[in-house]
Amino acid sequence: MMTNYLLSWLIFLPFGAALVIGLIPDKQKFLIKSVALAATICQLIMGGLLFVGFNGGVKPESWATAFQFVEHLDWISLQLGDFGKLQVAYFVGVDGISMPLIVLSALLLVIGVISSWTVQHKVKGYFILYLILSGSLIGCFAALDFFLFYVFFEFMLLPMFFLIGIWGGPRRSYASIKFFLYTLLGSLFILIVMIGLYLSVGTVDQFGVQTNTFSLVDMMSGHYLSDTVLAPGSEYTMWGQSLRYLAFVFLLIGFAIKLPAVPFHTWLPDAHVEAPTAISVLLAGVLLKVGGYGLFRICYAIFPDIAITMAEPIAILGTVSIIYGGMVAMAQNDVKKLIAYSSVSHMGFVLLGLAAITAEGVAGSLFQMVSHGFISGALFLIVGVVYDRTHDRQIENLSGLASKMPRYTFFVVLFFFASLGLPGLSGFVGEVLVLMGAIGAESINGLFPRWIGMVAVLGIIISAGYYLWTLQRMFFGKYWTREADWDARMVDITAREWVMLLPLAILVVLFGVFPSIMLDPIDNSVRFFVESILEQGQMYLSK
């Protein structure tokens, strides 16, 4: 019975657990944490069922048949007189693009609870907000109704605002407000386009009754009403540009803020530095992927013609993010800021691979999102290990940790090398596929010149520079700490930290050695996505 409504269980189980925690007395901290852990473990089990049950061997013939585990239920239905009928549905489902992101989220949500086990301040409020955030994340990746997607997208904003603003570091108020304002601005751009698409997409029955829809499947399938503002070939313009072009740009800005891409990235380092470790794990590992997923599902799939037209500027934007993020990371002395800027650099590969609209580029872009989720989550966890012992993250204040904490050093080296793209680890696979797609785009579809992909290769060299320099300064050489009393605290990783880091280490190696574990299930969805963008985009451009 559960498998029939698997996505609904994944989405709403955390909300139910949050209600249960609300009934538990504040003093029962262990029970509160146990309920949160049990809920996220159940999510992880269901994520495993989703992965096993997903049939990657089926090649979709249309967007209407592209999704599995589909659930559809009428939610809001209003007759608006001469304006037609408002129709909103609870419509969820997964394809090869959303499925791995849901499984990634389920894993990191469990690890986040384990990382949060040391929280002692306002424990009930923390875990209620954490579980609301959990359900909203899964809902974003599963929603096939734009209105429903937007509800979950906005639902993520408030929990994250309070989790940073209440449980964050000394500058938590500034960081949380900056995060809120940036994300809200992006949301407003997305809201404008959502309304325009609703007015443009729908059906007219035999009696001439018009029904507009928020269905993403209808939008991707091109079910536009005649003479509407965002229909392909529409003559509606603003500021000398077609409204369809502006809609794509608005969506690009909205999701690029969430990704984030340069120059919309400045909220990320502040949010990471001030956020608790577990929230940094979710922020880098999952929330940034909502921006990338939005580009896949909404920006590109609904506006393929503009995606083709804008391929070169988007590829350049991705390359700039790769180079700029890496260069700024190299200048950091705070390890958390270094990893935050490295995320900006690595998310640039997502933009570059998607801009290529080749099977290799798009598969690499999706693989990069999942791999970066594992790696960045682990990187913030290893920063948390030192911070828990010293309450300091400055690279210059520690040296020679390898001799004092050898097991910890092993994990640091593994995840640093995975992030810089060492062959045999998951970071290498995504970046190589993206670069193959980007460099080959000129000969495959001619969307942008190969020099863009060749310049992006410098990002790998830059990342090697800042990671190796950090290793040399913090972990090798003579053992030293800035404060004498830190020495007694510098014990190797604990059992709880083993539980958090070991699964991610295994996955990073497993996906690096056997990337087909992920690439095989997503292959048909990726190829259908690429073919649809190119074919439908050219058809729209000819109108």
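Owing to the predicted nature of the structure, the values given are computational and were not obtained by experimental measurement. Index from 1, following the sequence.
- Side chains of S134 and Q43: no donor on one and acceptor on the other come within 3.5 Å.
- Paired with W75 under the rule ring pair (Phe, Tyr, Trp, His ring centres under 6.0 Å), one option of F91, F147, Y90 passes, and it is F147.
- Looking at S342, its side chain does come within 3.5 Å of a backbone N or O of I339 through a donor-acceptor pair.
- Contact of the Y300 side chain with the F529 side chain is registered, since non-hydrogen atoms from C-beta on lie closer than 4.5 Å.
- With F153 as the aromatic partner, K258 meets the cation-pi criteria of under 6.0 angstrom to the ring centre and within 45 degrees of the ring axis.
- D270 has no carboxylate O lying under 4.0 Å from a charged side-chain N of K337, or vice versa, which leaves the two without a salt bridge.
- Proximity of a side-chain donor or acceptor of Q332 to a complementary backbone N or O of V328 within less than 3.5 Å is detected.
- Two rings, from Y182 and F264, have their centers 6.0 Å or more apart.
- Taking both residues in full, the closest heavy atoms of L108 and G373 are given as CD1-O, 3.6 Å, listed atom of the first, atom of the second, then distance.
- In summary, the side chains of H372 and S343 do present a donor paired with an acceptor at a separation below 3.5 Å, with no hydrogens or angles considered.
- Between F179 and F161, the distance separating the two ring centers is not shorter than 6.0 angstrom.
- A salt bridge is absent between K122 and D26; no separation between the charged side-chain nitrogens and carboxylate oxygens falls under 4.0 Å.
- The minimum heavy-atom distance between H272 and S280, with the atom names listed, is O-OG, 3.2 Å.
- In this model, a donor atom of one side chain and an acceptor atom of the other lie less than 3.5 Å apart for S98 and D95.
- Listed for the Y293 side chain is no donor-acceptor partner under 3.5 Å among the backbone atoms of L288.
- Side chains of S419 and Y467: a donor on one and an acceptor on the other come within 3.5 Å.
- Formation of a donor-acceptor pair under 3.5 Å by the S321 side chain with backbone atoms of G348 is not found in this model.
- Side chains of L37 and K33 form no contact here, defined as non-hydrogen atoms less than 4.5 Å apart.
- Between F255 and F149, the ring planes are perpendicular. Angles over 60° get that label, and only those under 30° would be called parallel.
- A 4.5 Å side-chain heavy-atom check between Y150 and L191 finds at least one atom pair inside the cut-off.
- When V193, I195, L199 are each tested for a side chain to side chain contact (heavy atoms under 4.5 Å, CB included) with L197, only one passes: V193.
- S345 and Y324 are not linked by any side-chain donor-acceptor pair at a separation below 3.5 angstrom, with hydrogens and angles left out of the test.
- Heavy-atom contacts from other residues, nucleotides or ligands closer than 6.0 Å to CE of M330 number more than 12.
- Among all heavy-atom pairs drawn from Y224 and A231, the shortest one is CD2-CA, 3.8 Å.
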